[in-house]
Amino acid sequence: MALPKLVVILGPTACGKSGLGVTLAKKYGGEIVSADSRQVYRGLDLGTGKITIAEMDGVAHHLLDVAQPGEQYSVARFQQEAYTALDGVIERDRLPFLVGGTGLYLRSVAEGYVFQVAPPDHTLRAELEALPTEVLRQRLLDAGVELDSDAWNNRPRLVRLTEKLRSGGDPHAEAERQPRYDVLTLGVAYPREAICRRIDKRLVARLDAGMVEEVAALRSQGVSDEFLYGLGLEYRYILRHLTGELSMEELIEELGRAIKRFAKRQVSWFKKDKDVHWLDMEADPITEATELIDSFLS
RNA sequence: GGGAGAGUUCCAGAGUGGCCAAAUGGGGCAGACUGUAAAUCUGUUGCGUAUCGCUUCGGUGGUUCGAAUCCACCCUCUCCCA
């Protein structure tokens, strides 16, 4: 039995994924499932570049605003909820579009990651987090776990490896996949300089639109600084501005740089996926995408 | 006009005779990443026909086997007294 079809739209930040998603979804009678690790939170709007109701233009969107700021979210939870949402779209006999920039989230659904039975143990994590890195590392080494240089100082990863070990999992287990969809992946990207220009432009526009005020409001509603800091980018840098650490000029400069660095990391991630059909955004991406989708559906 | 101090590799900033192409941080570049992923982490960052050679530490000229480090003069900047 053939797998249901899914169109994935991915790409670095500020390249027009959401807009393209809406256009294509309208054209094909589709619905959109967002794949963004920060847009799942309610109230994180300007800072995440979340699509507005008006911009949705009547197209149904899923997995936006499904968690409370401060709440724990994870790839596994995302995958679960995305599967449910996508299956709903398919049942309604509509074409599902998975649109977003969180590489891990996208891939977990598009490729069907099978997660080990080792859910986060927050009590254990709290314990481990108090330990020095060398201790975390040494315990794993003593247990025969092999660590590559990339994980050597990576505390979150050391903690997760320990967690897997404790719950009887195998830290070396081969990554498993069970694809549930027949996927067409469209990539949205501009040349590097163009991305940088778009990022700068969008940053200023969002600050004008009240992005700093959004963060201030979240704080006054009781969202912790720790959570905001952990979100990174806009929330982290604006928090630092609000606490007086960064002037407005420094905020614009440093945040702009950080977003560009992030875009680069996204590109690094997406580049590895050889199945992406990269659209030429400076030509006619809609026609190009339409042709690809048409042949994908036929 | 007089006095004090400073000029270092993209930036900031260590380094005061050999272990210095030069610490560290930032930035840049490349990368990793299956339950925190906008997070977290790794490598690299003068040039070259590369376990060796070449050109760098404001400029010029000295001292020395050897100088970013010492001396002289010059240029620039900061500060203090006028």
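Chain identifiers are assigned alphabetically (A, B, ...) following the order of the sequence lines, protein sequences preceding nucleic acid strands; residue numbering begins at 1 within each chain.
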Discussion item. On RNA chain B, compare the nucleotides closest to A/Lys164 and A/Gly49; which residue's is nearer the 5' end?
Written reply: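 Per heavy-atom nearest nucleotide, the more 5' residue is A/Lys164.
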
Worksheet item: Which sits closer to the 5' end of RNA chain B, A/Tyr105 or A/Tyr113, going by the nucleotide each is nearest to?
Response: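 Its nucleotide being nearer the 5' end, the pick is A/Tyr113.
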
Answer with base, sugar-phosphate or nothing: what part of the nucleic acid does [X] contact at a heavy-atom distance below 4.0 Å?
{"X": "A/Thr48", "result": "base"}
{"X": "A/Gln116", "result": "base"}
{"X": "A/Tyr73", "result": "sugar-phosphate"}
{"X": "A/Thr102", "result": "sugar-phosphate"}
{"X": "A/Lys260", "result": "nothing"}
{"X": "A/Arg107", "result": "nothing"}
{"X": "A/Glu129", "result": "base"}
{"X": "A/Val159", "result": "nothing"}
{"X": "A/Gln72", "result": "sugar-phosphate"}
{"X": "A/Arg265", "result": "base"}
{"X": "A/Gln79", "result": "nothing"}

Practice prompt. Could you tell me whether a side-chain N or O of A/Arg240 sits under 3.5 Å from a main-chain N or O of A/Glu245, the two making a donor and an acceptor?
Written response: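 Pair absent, no side-chain N/O of A/Arg240 close to backbone of A/Glu245.
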
Practice prompt. Sort and list the pairs that fulfil ring pair (Phe, Tyr, Trp, His ring centres under 6.0 Å) and have at least one residue in residues 191-243 of chain A, not counting sequence neighbours.
Written response: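 Qualifying pairs, neighbours excluded: A/Tyr41-A/Phe227.
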
[atom1] gap between [N] and [M], integer Å:
{"N": "B/rG15", "M": "B/rU24", "atom1": "C1'", "result": "11 Å"}
{"N": "B/rA32", "M": "B/rA21", "atom1": "P", "result": "33 Å"}
{"N": "B/rA67", "M": "B/rA22", "atom1": "C1'", "result": "13 Å"}
{"N": "B/rC11", "M": "B/rG17", "atom1": "P", "result": "26 Å"}
{"N": "B/rA14", "M": "B/rC20", "atom1": "C1'", "result": "12 Å"}

Discussion item. Heavy-atom count check: over 12 atoms from other residues, nucleotides or ligands less than 6.0 Å from A/Arg166 CZ?
Written reply: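 12 or below, so no.
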
Item to complete: Kindly check if the number of other-residue, nucleotide or ligand heavy atoms within 6.0 Å of CD (A/Gln68) is above 12?
Response: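 Yes, enclosed.
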
Worksheet item: First and last nucleotide of RNA chain B touching chain A, 5' to 3', heavy-atom cut-off 4.0 Å?
Response: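 Span of nucleotides near chain A: B/rG27 to B/rU42.
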
Fill in: Charged N-O contact under 4.0 Å between A/Arg219 and A/Glu214
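Salt bridge absent between A/Arg219 and A/Glu214.
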
Item to complete: Could you identify which residues of residues 148-158 of chain A place a heavy atom less than 4.0 Å from some atom of RNA chain B, listed by residue number, or say none?
Response: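 Close to the strand are A/Ser149, A/Asp150, A/Asn153, A/Asn154, A/Pro156, A/Arg157.
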
Practice prompt. Any pair with a residue in residues 276-297 of chain A that passes salt bridge (Lys or Arg N to Asp or Glu O under 4.0 Å), sequence neighbours left out, goes on the list, sorted by first then second residue, please.
Written response: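 Not a single pair qualifies under salt bridge (Lys or Arg N to Asp or Glu O under 4.0 Å).
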
Practice prompt. Could you pull out all residues at least two apart from A/Ala25 that satisfy side chain to side chain contact (heavy atoms under 4.5 Å, CB included)?
Written response: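 So A/Ala25 forms a side chain to side chain contact (heavy atoms under 4.5 Å, CB included) with A/Ile32, A/Val59, A/Phe97.
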
Practice prompt. Please say whether the positively charged group of A/Arg180, taken as NZ for Lys or CZ for Arg, lies over the ring of A/Tyr83, i.e. under 6.0 angstrom from the six-membered ring centre and within 45 degrees of the axis.
Written response: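 Geometry flag: set, cation within 6.0 Å and 45°.
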
Worksheet item: Taking the six-membered ring of A/Phe296, is NZ or CZ of A/Lys5 closer than 6.0 Å to its centre and within 45° of its axis?
Response: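 Yes, A/Lys5 and A/Phe296 form such a contact.
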
Discussion item. Quick test of your reading: applying side chain to side chain donor-acceptor pair (under 3.5 Å), list the pairs with at least one residue in residues 130-140 of chain A, sequence neighbours left out, ordered by first then second residue.
Written reply: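 Found A/Thr133-A/Arg155, A/Arg137-A/Asn153, A/Gln138-A/Asp142.
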
